[in-house]
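Since the structure comes first, as structure tokens, the remarks are kept for the end.
Throughout, protein chains are lettered first and strands after them, A, B, ... in sequence-line order, and every chain is numbered starting at 1.
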Amino acid sequence: MKSNITKVTTHINPNEALIFERSQSGRVGYRLPPLDVDEQPIEAIVPAQFLRDDDLEGVPEVSEVDVIRHFVRMSTWNYSIDQGMYPLGSCTMKYNSRLNEKVARIAGFAGLHPLSEDAEAQGALEVIYQLQEHLAEITGLPGVSLQPAAGAHGEMTGVMIIRAYIDARDGAEGSSKRRTMLIPDSAHGTNPASAHLSGFSVKTIKSTPEGLTDLKHLRELCAHGDVAGLMLTNPNTLGLFEKNIQEICKIVHDAGGLVYMDGANMNALVGVARPGDMGVDVIHLNLHKTFSTPHGGGGPGCGPCCCTNELEPFLPVPRIVAVSTGSVSDRVDSRYKLDFDYPQSIGRVKAFFGNYGMMLRALAYIQTHGYDGLREATEAAVLNARYIAHGLTTDYDKPFDASPMHEVVFTDKRQSRKGVHTLDIAKRLIDYGFHPMTIYFPLIVQGAMLIEPTESVGRQELDQFIEAMRSIAHEAVEEPELVLNAPHTTRIGRLDEAAAARKPVLRWKLAAKAGAA
Amino acid sequence: MKSNITKVTTHINPNEALIFERSQSGRVGYRLPPLDVDEQPIEAIVPAQFLRDDDLEGVPEVSEVDVIRHFVRMSTWNYSIDQGMYPLGSCTMKYNSRLNEKVARIAGFAGLHPLSEDAEAQGALEVIYQLQEHLAEITGLPGVSLQPAAGAHGEMTGVMIIRAYIDARDGAEGSSKRRTMLIPDSAHGTNPASAHLSGFSVKTIKSTPEGLTDLKHLRELCAHGDVAGLMLTNPNTLGLFEKNIQEICKIVHDAGGLVYMDGANMNALVGVARPGDMGVDVIHLNLHKTFSTPHGGGGPGCGPCCCTNELEPFLPVPRIVAVSTGSVSDRVDSRYKLDFDYPQSIGRVKAFFGNYGMMLRALAYIQTHGYDGLREATEAAVLNARYIAHGLTTDYDKPFDASPMHEVVFTDKRQSRKGVHTLDIAKRLIDYGFHPMTIYFPLIVQGAMLIEPTESVGRQELDQFIEAMRSIAHEAVEEPELVLNAPHTTRIGRLDEAAAARKPVLRWKLAAKAGAA
Amino acid sequence: MRYIPNSPEERTEMLHQIGLRSAEELFDSIPKELLLSRNLDTPAALSEIELLAGFEQLATRNPGARRTSFLGAGAYQHYIPTIVDHIISRSEFFTAYTPYQPEISQGTLQAIFEFQTLVCQLTGMEVANASMYDGSTALAEAVLMAERVTKRSKIVACGAIHPEYLDVIDTYVQHAGIELVHAEADPVTGQTPENIAELLDDKTAALVVQSPNFFGCIEDVAALAEKAHAVGALMVVGVTEAISLGLLKSPGACGADIVIAEGQSFGVPLSFGGPYVGLFATREKYARQIPGRLVGEAYDKQGRRGFVLTLATREQHIRREKATSNICTNEGLIALASTVYLETMGRRGLQEVAAQCAQKTAYAAQRIAKLEGFSVRYTAPRFNEFVVTTPVNAKEQLSRLASERNITGGLALSRYFKDRPNDILVCVTELNSRGDIDSLVDGLQSASQS
Amino acid sequence: MRYIPNSPEERTEMLHQIGLRSAEELFDSIPKELLLSRNLDTPAALSEIELLAGFEQLATRNPGARRTSFLGAGAYQHYIPTIVDHIISRSEFFTAYTPYQPEISQGTLQAIFEFQTLVCQLTGMEVANASMYDGSTALAEAVLMAERVTKRSKIVACGAIHPEYLDVIDTYVQHAGIELVHAEADPVTGQTPENIAELLDDKTAALVVQSPNFFGCIEDVAALAEKAHAVGALMVVGVTEAISLGLLKSPGACGADIVIAEGQSFGVPLSFGGPYVGLFATREKYARQIPGRLVGEAYDKQGRRGFVLTLATREQHIRREKATSNICTNEGLIALASTVYLETMGRRGLQEVAAQCAQKTAYAAQRIAKLEGFSVRYTAPRFNEFVVTTPVNAKEQLSRLASERNITGGLALSRYFKDRPNDILVCVTELNSRGDIDSLVDGLQSASQS
Ligand SMILES: Cc1ncc(COP(=O)(O)O)c(C=O)c1O
Ligand SMILES: Cc1ncc(COP(=O)(O)O)c(C=O)c1O
């Protein structure tokens, strides 16, 4: 019956071209106030040799209406949290509140220049300070820097702090022998990459059949005196709490190393348990996960680093500090200041102070929830994951027995016997109106499907998700083709990624215009 | 190949239920600051007999996330200007600029109470005053009231002004003989309805085969001394300029009547010709058409009434006036004021001063365009309509030969021979990604298709539209089923409107909950 | 012009393509002498930067927008959840037209269906329409509808109806052959006088009351409805402060036949008086007499549920001069804002916000009543407004409150009642903190003393 | 908690359904002694009303945000078209994740592809990535990439690079075995000194320059590139004021091998320093050495064009410690904002805004140069920043400008250079009217006189 729908070729929404293909010479989308100083010949200001000579050819010429329609149309090709559950494991796709967006747009913040004098920016500095205090309380780690721009950046910062601490503790000579960073095989790829940036070489710790850090292996690796530290995710990327965390920290500490915790999974712990109490020395948080700042199609993030008092002197500068008591503190215009005076600091990891707009949002998140709401969110997030784990056990294999925390991992073992793999299941989920889970991560699980519902999903939708997954499991047996060719409902089908990588086309080119659709 | 897609039943976006069906007892989406006065038993404030006793049963209980997802999902079922051309004839679906939205949300306007003292609201009053001045200049009619909330409301206002004027001119006795309002058969339904509201009975003027007012018929109707006025749309609803407008006005004036112009089609005239210069006595404008304030899925509008100096005393009160020169004008805090002192006024047509937010947007539109941009928009709008008229003549029948102005009407005469009607063509257009044109209006054209592209569409998209329409014309011949069963690409198919009207279900009911999907 | 996609070059090409030489030729059907031979005398085009600066500058000249305020009287400041504006700012909602093509308008249609349902729930009525321009025009249309339904021509309006609403009714009925009778509020209770029944007779189409009324007094609607029904008239109830519906017995439960309300309190900014939204509800049996648009449930061939505009035969585009109203464009986007507001606040939020208004108002009234020389008028119970008689001229009192404490203390009733120079109508909402109220009380006291 | 859909009752039911008795049991895998037995010592929950009031209050304590400003130095105030924020506020963009599932992420992917193309066009380079954290980290990554490409370990950095950027490079390279050599700017021209070639040798991986440099001077990139290439080093160019690309010869046309820029000027608010967006472009032959994400064209089985994340084998999630960078989350939404900005301004707008900046800056510099006791430093041509040496202490001068004229006059260079107490870095953009500039000039004069 629908055979002829393919005749619908000019549908403007699905076919929105690249803006370069839409460009028409002479269109304009802007207007500036007229120049109000006497115009000089431009060559009198900048010698001709330094001036552009390509007349910006190729840069689009479009009207404001064209721009609006272009992006509104394209936007409809995206899935988003606001449309439904987005159960990407390890990504904590929770509700991004509008209130936080509004806060970040208050003119007194959005219009503030980062090089304003401290006295001109007391409100902005207080926001940073308050957030630091709250994150210190939440992690149990008192030293905080909000400078890192994302999780990986926070990792780099944290690992550099470990390095700097060991340099200081052991001296250059002693430190030079400690160049090993231990990282579990289940860890996120940024962990080893960040360790590498700080000059460490990585040794991989095996996971036990239960999905936890192999203590025996850890002890072996710690036996050689070369360990600078351990980077551990907790709950780990399998969604399991490392219940031996205290023991783990002790082993590493006894071996002269420090413990870095990847805090990407803090949504399982806020208000319930604190890394600082577990023996962790330094952690990064992802404000764009646990604290709900929007992912924005790939950032911006904010990856604060929190550490013990011992490590605090090594945090990046400038630090944002409260001016200590006494007469000065009364002067409201200088209660907070930038402090550069940390000679042991690893230095600056970013210009200015980090992704400030994200800090505003995260602080608003913390204030909106309150201490009880923060714990409630954690409970609800873990409950939702457990509910899914429970709902899918009959149809999918779980690689580990232990009860998951905020996310749960399944394997495609059972389905792959019929030739249906994780990728197919993920694509088929799209037809059911859901964004797929994280797939093929962590690497140690065959055909991993890592599901993190977060607290932002209601029971009805969880049930629908479970039903969809179970239905796909049945399809995998009864009509595998249906799954293997999914998705069927999207604007485009599966793209040939291999071909794309072989001969990458990474930009539009003027010459290509004639040939384009 | 797609036969099994129907298995996709839980797709959350297409299936978003009514909020009442999603409601779960105990969910909340709000938080207020705690009550900060001592709480009294509520019955001590309001006697129990006046208190609600249904505990608001049935009112939904949902979280903020539920609300966001609910509306974002539902929104994806709408077509909108921002997605493409929206060629509804007579509706002037032009680009709604974001800048105007921003202006309307400036706190100093959005937070201003309408009963603020004049001195507390000088900025707001100046906006009204400026807009009045601009509209007077654009229409050539110096008396302006912005009080009416929409076009039909402006019509009622204008017709009441005519009535009041005649009452004053002819006395109660004389006036009582003039109770006829002449309205062309092509007019919009609001015209006769508005005339009726002012106690007039309607006589219909025929259109000529050329689609214009039949002067002979008009003269006949004017011969009886009972004519209070004529309500004329110009360009008329067929998109044709009433080239005899001066003659028409003379006939009516000579017969003791006044000429009301429905200004819904002013987008064809702004900056090019002025109703006041044509002999028109009173007009309404639709700021939500010509001046780009958003239609909002059915309003709000703003339907200012502009009239000659003679009619001005009859405009609704309060008027917004500038305090005349002299010492007072220097006091910036009272340059503009509300003036109630118009004893001949027809009275108030709405509480406060009209849809103020729309006035802000319309003023921003006028300022953004400038006098040259206003004319440019008119030219571009007319050109676009002519371009479409030109592009479709080979495939569709045009009921009238004359060159159209800002909109063009076609008939389904040719297609209906194959059993394909305007409704089918409209629905099939949806499959091509376009919103249909206005259909079956004006009533005097068989299977009317009234197409108004506005200036907000570029050539590429016009070409796509023309191509789509021509392709449908071919389908109507070659594969009529395809057209008759359209649309094929939407979430739901054609709805059974007759059944809906027979046993109307106009609200969700608690009892229905169990049975609902 | 950046809003016009086609560039001048493109437009020239298009002109040539359709056989024209210049843009002027587009207007050939307009008689030469009617063509404007000069530029419009409107301002030159402004950039965004200039335009925004201009409006921001104008906005600073509205100091009224920046005060702590106790001004109500038909337009109320309430908390608006942030998400309301986000949702109504989605292109799909604010740049869509009236949902004439249901297949691509289900978002708007389903939202209106929810709006209609919520209006029914809150007013306690059976059916509601898709919105009217505002409360005042909705009340006028209710009066016209009562006339249509009863075929009677007399309307009895209780005096404590918002004066501007009364004016609008006056305008609407002036050519409809309707006799409008006002009954002043009882000077002691502030409510409709006991003897209202004397004005009702078998020519009476409707008894019209506002509750809470203009002076903030809650009317005994049930008793009034009984009286109206006794003579076969309809009971028409108007509500200007819709938040009261969260606490007070619904007009429907009191026997109302038509209920209208101003919906501004449901998530709509004050915006100097508009756009607001009129709610209109009635009994099912009068559904075909309702003015304005109605959305109803419908099904497609495959049995999928959807929503459509329905009962269109009532409307102007079909019935022309015989339509139930001339309304066409209504207040779609504002109705949507109200819908989002109501769903966000939800059952418990609507109750709480109404309760907070009542509690804070009681606190304020009690404190002011104790002030030397002040009295709080009327014995009737109230929701969130009340009349204060001050020892000095109300306008002076208010302007001192404004200049000395940056408080808008309320409405000087002299705006509408020249004979009440010392009366202030005070409104308290959940946005007025106890501190605000205390400051108002102190301000009143000191302004009246010195 | 209103952001959590499931009510406490529903959660209890769910707990029971999965066989648990209480929420505590959810945390059974955490050792008892690690469980927090108290409430977090963070604030109690606030309503929207309270929260907004609190932040608004804090915002008033940032007077710097309300001044006419001539402060640049790596973060610039420019006009931002209104539509930018509207588009990036669409749920579909701001609440989406990194586009891992291309079938339902084409909106984001196509936008990034356009971003990459625009970055190439503006920088004059062949390929660009999907964004870096900001300009400073992009420059540090460029240095690391130069080391990877050349397998050499010395970096020569021209002195007039933004001091904070230099600091970041320092941090990034400290454990990479890289030797970083700074060359001070020439005190007369303000540019890289003529004898820079002396520092270059066959160990040099890259010559790094910023243009316009920190003092606003336009560098002769073409000449520098020649020198770098002469020793087989890469030419790395950093741009902190991306608007300059609308007027100045592109780094690519000057021979650059890697170009980075801070994209904040392209439609991104100052926001106290972030989030901004780093642009990163290079030659096609180095595409597989690029850090960060790349979007490329791809086709489905039916030949329909789409876009995907590509060349993922460079990245951490595949290559782990051997990745070209550790970057994962980048600045997606800010890259989108820049894309909207660039497309809205378009070819002609980018030219005009750059020209206006240059013209106004020339005007300001010429006026200030004429002031008694003041001098404008450096002979090199400039774009929109310049250094003024004032007769009195710069900080004092600036604080008087702020308090007396509500002007932020620029940056006291002593913030970075303790030995330059009297120097101010002044920045002029299209947002500074002639009146603003005149007022700055008058203010400088009078502040230095009294
Ligand atoms: C476990 C884990 N660690 C680290 C990261 C890196 O964080 P970011 O993407 O913010 O750099 C992620 C994010 O995907 C993660 O899931
Ligand atoms: C010709 C004409 N007249 C009057 C109107 C009524 O305007 P409104 O819908 O604003 O009441 C319309 C609107 O559709 C119209 O097209």
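Both the backbone and the side chain of A:Y387 come within contact range of chain D, each with at least one heavy atom under 4.5 Å from a heavy atom of that chain. With a threshold of 4.5 angstrom between heavy atoms, A:A499 does not approach chain D through any atom at all. With a threshold of 4.5 angstrom between heavy atoms, A:I245 approaches chain D through side-chain atoms but not through N, CA, C or O. Contacts between A:I492 and chain D at a heavy-atom distance below 4.5 Å involve backbone atoms as well as side-chain atoms. Contact of D:E56 with chain A is made through backbone and side chain together, with heavy-atom distances under 4.5 Å. When heavy atoms are compared at a cutoff of 4.5 Å, D:S325 approaches chain A solely by way of its backbone atoms N, CA, C and O. For a residue to count as touching a neighbouring chain, one of its non-hydrogen atoms must lie under 4.5 Å from one of that chain's; by this rule A:F50 touches chain D with backbone and side chain alike. Contact annotation for D:P81: neither backbone nor side-chain heavy atoms come within less than 4.5 Å of a heavy atom of chain A. For chain A, the nearby parts of D:A358 are the backbone and the side chain; heavy atoms of each come within less than 4.5 Å. Contact of A:R27 with chain D is not made at all, since no heavy-atom distance falls under 4.5 Å. Heavy atoms of D:Y299 lying under 4.5 Å from chain A belong exclusively to its backbone. With a 4.5 angstrom heavy-atom cutoff, A:P316 does not touch chain D via any of its atoms. For A:H70, the part lying near chain D is the side chain, with the backbone staying farther off; criterion is any non-hydrogen pair under 4.5 Å. Residue D:V295 touches chain A through its backbone alone, counting heavy-atom pairs closer than 4.5 Å. Both the backbone and the side chain of D:Q17 come within less than 4.5 Å of a heavy atom of chain A. Neither the backbone nor the side chain of D:I318 comes within contact range of chain A; no heavy atoms are under 4.5 Å apart. Within the 4.5 angstrom heavy-atom criterion, atoms from both the backbone and the side chain of D:D220 approach chain A. Contact of D:D134 with chain A is made through the side chain alone, with heavy-atom distances under 4.5 Å. If you measure heavy-atom distances from A:L35 to chain D, the contacts under 4.5 Å come from both the backbone and the side chain. Residue contact with chain A, scored on non-hydrogen atoms closer than 4.5 Å, involves the side chain of D:L411 exclusively. If you measure heavy-atom distances from D:T310 to chain A, the contacts under 4.5 Å come from the side chain alone. Only the side chain of A:E126 comes within contact range of chain D, judged by heavy atoms closer than 4.5 Å. Looking at D:T344, both its backbone and its side chain come within 4.5 Å of chain A, counting heavy atoms on both sides. Interface remark: D:I87 contributes side-chain atoms only to the contact with chain A (heavy atom separation under 4.5 Å). Within the 4.5 angstrom heavy-atom criterion, atoms from both the backbone and the side chain of A:I138 approach chain D. Proximity to chain D (any heavy atom under 4.5 Å) is restricted, for A:K102, to the side chain, taken from C-beta onward. Looking at A:A351, the atoms closer than 4.5 Å to chain D (heavy atoms on both sides) sit in the backbone and in the side chain alike. Using a 4.5 Å cut-off between heavy atoms, A:N286 does not touch chain D at all.
Ranked by heavy-atom pairs under 4.5 Å with chain D, the list A:E117, A:E39, A:K94 is led by A:E39. Most heavy-atom pairs under 4.5 Å with chain D, from the set A:G108, A:G123, A:G370: that is A:G123. The choice from A:G347, A:P47, A:P60, A:G199 that makes the most heavy-atom pairs within less than 4.5 Å of chain D is A:P60.
Not less than 6.0 angstrom separates the ring centroid of A:F109 from the ring centroid of D:F272.
Looking at D:R66, its side chain does come within 3.5 Å of a backbone N or O of D:T60 through a donor-acceptor pair. Looking at D:Q116, its side chain does come within 3.5 Å of a backbone N or O of A:L506 through a donor-acceptor pair.
Using a 4.0 Å cut-off between charged side-chain N and carboxylate O, D:K249 and A:D54 make no salt bridge. Between D:R319 and D:E315 no salt bridge is recorded (no basic side-chain N to carboxylate O distance below 4.0 Å).
No more than 12 heavy atoms of other residues, nucleotides or ligands shown are found within 6.0 angstrom of NE2 on A:H196.
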